[in-house]
Each structure stands twice: as C-alpha cells, then as structure tokens.
Amino acid sequence: MGECERLQEVLSRIERACHRSGRDPKEVTLLGATKTIPEEVIRKFYSCGLKVYGENRAQEFLKKYEALRDLSIDWHFIGRLQTNKVKYLIGKVSLIHSLDRESLADEIQKRAQKAGKVQEVLIEVNLGGEETKGGVEPENLKKLAEYTLSKPNIKITGLMAIPPYKEDPEEVRPYFAELRKLRDDLERDLGIELPHLSMGMSHDFEVAVEEGATIVRIGTLLFGERKY
Ligand SMILES: *Cc1c(COP(=O)(O)O)cnc(C)c1O
C-alpha cells in the first residue's frame, strides 16, 4: 500500500468507529506521530493531506520544523517534556500534550509570556500507575489543573493519556472511559470547557474513538515499524 492509501485506510477506520458510536468524524483529528520518521516521509504524507504531526523529542522536532518550514504543518508536542526544552517549542507547536507537573507549567508560563503567546496544553494523566510513563496521577489532576488555570499564558483544552499496552484493545477501553470521566468531572468541578481527549494509538485507536477521543496519535500504522 502506498502512503496515500494507508492514510485513507486509517481515516476510514476512524470514520467507521465514529459511525458505530454516533459521532461526527469531523470531531476527530488524526495526528501523525513521527518520532524517528524521516522528513521525506512526512512530505509524502503531507501531500496526501495529513497536516497534523506530533514529535516526542525537542531536538528532533526542531530539526524537522526547520526542514519542513515550507509546509503549513500543524505541529504538536506529544512526548515527555524536560523543563529546559520548553523554550524551543513556544511559538512553534500549537498544542503541548504532556503537561504533568507544576514546574513545567511555571516554565511554559514564563516562556509563553516572554513570547507574547498563550500556549494551549493538555494535561497528561498516568492512568495505569506505570512509573516509567509520564503524566500526573489521577488524584493530583485537579490540583495541577487549578494551578495551571492561574497561569494567564497557558490555556488547558483537555486531557491526554497513554494507557498500558494490552494485546486486546477491548481491555484498554476502561482506561479511555476513565480519561473521559476525569475530563467530565474536571469540567464540572472547575467550570471550564475541556473539549479535547488525546487518546488512542495504532493498536487501539478505534476503541479510543468510540470512547470519545478527539485526537488520535498514530505512528506505526501510517509510517511502518520504527527502527529504534
Ligand atoms: C509513538 C507514540 C504514538 C504512536 O504510537 P504507535 O503505536 O506507533 O501508533 C502515540 N503517542 C505517543 C505519545 C507516542 O510516543
């Protein structure tokens, strides 16, 4: 299958998952997760119509950002974010998916203010209690959200999660449902709107869409197995 066919295949699977769950496919954004994927491959997918991409590492992002400046890519940052890397992202990424601690909110505020921007962020939640993964613990989510709300140059627009890997994607469904519930509770408790749920990857995105995902982050299924 060529690049454009692979893209169409993923888009129609998203569409079918939307129809199964009574959702409008327009509510779901496909994000190409491009860590380790070369710039030429991104160019090809861009020409097929994929405009939103997410990177995990600041240095790799910067390199691709510069090399692909002639395209109107909507870049997101989806990886674990070191505080000292925030300065490279502000003004270049429309959404940071991985706010998970107060010190990071402090740094985003500082850098966004300096640049005269309001940075959109998602709060990443660690649903599986996995120590190797980023994300705030669900019990500390409200506190972090309240803290971030006090930052005038940050706008929280939703939640993100990377649930534990399960062979059977149906076993991931409870995690996606939990993220949605956390979002609903937070909206009610804080009186804010959180339209975005960034959840679902190559092996489980259809279940995520059925549970309300508005951004699915797909790597392998679009770009093939990563080399490292
Ligand atoms: C790599 C990555 C993805 C995509 O994973 P695939 O299983 O290859 O689709 C999604 N989200 C994050 C945060 C990633 O690091």
Side-chain angles (χ1 to χ4, degrees), residues 1 3-34 45-46 48-54 72-78 93-99 120-128 135-136 138 141-142 145 155-223:
M1 240 195 286
E3 286 86 355
C4 295
E5 286 78 13
R6 258 182 280 158
L7 174 60
Q8 278 315 313
E9 172 68 19
V10 173
L11 287 171
S12 52
R13 285 174 64 182
I14 291 171
E15 217 168 283
R16 288 198 295 273
C18 283
H19 290 145
R20 281 198 296 281
S21 48
R23 301 186 62 202
D24 182 346
K26 288 197 205 70
E27 292 171 16
V28 183
T29 297
L30 172 59
L31 175 151
T34 44
F45 276 88
Y46 184 89
C48 301
L50 185 59
K51 300 290 153 79
V52 184
Y53 296 88
S72 301
I73 289 180
D74 179 5
W75 286 108
H76 293 196
F77 192 82
I78 64 175
V93 301
S94 68
L95 185 61
I96 294 173
H97 290 227
S98 45
L99 173 62
E120 263 192 49
V121 304
L122 306 178
I123 296 182
E124 180 179 352
V125 185
N126 188 337
L127 296 176
V136 65
L141 170 60
K142 187 172 171 219
K155 183 175 166 64
I156 315 170
T157 58
L159 303 181
M160 182 273 231
I162 310 171
Y165 179 86
K166 308 278 179 189
E167 198 70 50
D168 178 3
E170 277 302 326
E171 286 181 39
V172 194
R173 189 183 293 276
Y175 293 100
F176 294 141
E178 186 186 348
L179 193 69
R180 189 186 58 211
K181 182 173 186 306
L182 287 169
R183 187 272 307 270
D184 293 349
D185 291 350
L186 206 54
E187 283 190 320
R188 197 193 49 237
D189 291 351
L190 302 183
I192 56 174
E193 278 184 39
L194 299 170
H196 283 303
L197 286 174
S198 169
M199 58 188 196
M201 298 164 44
S202 288
H203 76 292
D204 58 15
F205 71 100
E206 287 153 306
V207 175
V209 167
E210 289 171 11
E211 293 299 327
T214 64
I215 305 175
V216 292
R217 309 176 310 267
I218 310 286
T220 313
L221 205 54
L222 289 169
F223 312 117

Exercise for the section: Carefully, step by step, assess H76 and Y53 under the rule side chain to side chain contact (heavy atoms under 4.5 Å, CB included). Expected result: CA-CA 6 Å; H76 293 196; Y53 296 88; over 6 Å; no
Handout entry: Nearest heavy atoms of L222 and G32, plus distance in Å
Key = CD1-CA, 4.2 Å
Handout entry: Closest non-hydrogen atom pair between N126 and G135, with its separation
Key = CB-O, 3.6 Å
Handout entry: Point-to-point distance, once rounded to the nearest 0.5 Å, from CD1 of I218 to CD1 of I14
Key = 6.0 Å
Exercise for the section: Answer yes or no: does atom NZ of K181 have more than 12 heavy-atom neighbours from other residues, nucleotides or ligands under 6.0 Å? Expected result: no
Handout entry: V209 vs C18 side-chain heavy atoms within contact, under 4.5 Å
Key = yes
Handout entry: From R180 atom CZ to D185 atom CG, the distance as rounded to the nearest 0.5 Å
Key = 11.0 Å
Practice task
Give the minimum heavy-atom separation between A145 and I156, together with the two atoms involved.
Solution key: O-CD1, 3.7 Å
Exercise for the section: With rounding to the nearest 0.5 Å, note down the distance linking OG1 in T34 to CD1 in I73. Expected result: 8.0 Å
Practice task
Nearest 0.5 Å please: distance from the CD1 atom of I215 over to the CE atom of M160.
Solution key: 9.5 Å
Problem - Backbone of D74 reached by a side-chain donor or acceptor of S94 within 3.5 Å - result: no
Exercise for the section: List the atom of A213, the atom of V28, and the distance in Å for their closest heavy-atom pair. Expected result: O-CG2, 3.6 Å
Handout entry: Steps toward side chain to side chain contact (heavy atoms under 4.5 Å, CB included) verdict (Y175, V207)
Key = CA-CA 10 Å; Y175 293 100; V207 175; over 6 Å; no
Exercise for the section: Applying side chain to side chain donor-acceptor pair (under 3.5 Å), name anything that partners R173, two or more places apart in sequence or on another chain. Expected result: E170, E210, E211
Handout entry: Test item: P163 and E178 side chains (from C-beta on) under 4.5 Å apart, heavy atoms
Key = no
Problem - L127 versus A161, closest heavy-atom pair with distance - result: CD1-CB, 3.7 Å
Problem - Side-chain heavy-atom pair L186, K142 within 4.5 angstrom cut-off - result: yes
Problem - Pairwise side-chain contact, Y165 with E167, heavy-atom cut-off 4.5 Å (strictly under) - result: yes
Practice task
Please examine the side chains of V52 and L30, heavy atoms only from C-beta on, and report whether any two atoms are closer than 4.5 Å.
Solution key: no
Just distance, no hydrogens or angles: give the donor-acceptor pairs under 3.5 Å from side chains in residues 191-201, sequence neighbours left out.
| residue | atom | partner | partner atom | Å |
| --- | --- | --- | --- | --- |
| H196 | ND1 | T214 | OG1 | 2.8 |
| S198 | OG | H97 | ND1 | 2.9 |
| S198 | OG | R217 | NH1 | 2.9 |

Exercise for the section: With the side chain counted from C-beta on, respond yes when F205 and P169 share a heavy-atom pair under 4.5 Å apart, and no when they do not. Expected result: no
Handout entry: Test applied, salt bridge (charged side-chain N to carboxylate O under 4.0 Å, His left out); reference residue, E206; option that passes from R16, R23, R13
Key = R13
Completion exercise
Heavy atoms of L99 and I96 approach each other most closely as N-CG2, 4.5 Å
Handout entry: E9 and E5, any side-chain heavy atoms less than 4.5 Å apart
Key = no
Handout entry: Validation row: I162, E124 side chains within 4.5 angstrom (heavy atoms)
Key = yes
Handout entry: F45: partners by ring-ring contact (aromatic ring centres under 6.0 Å, His included), with sequence neighbours left out
Key = F223
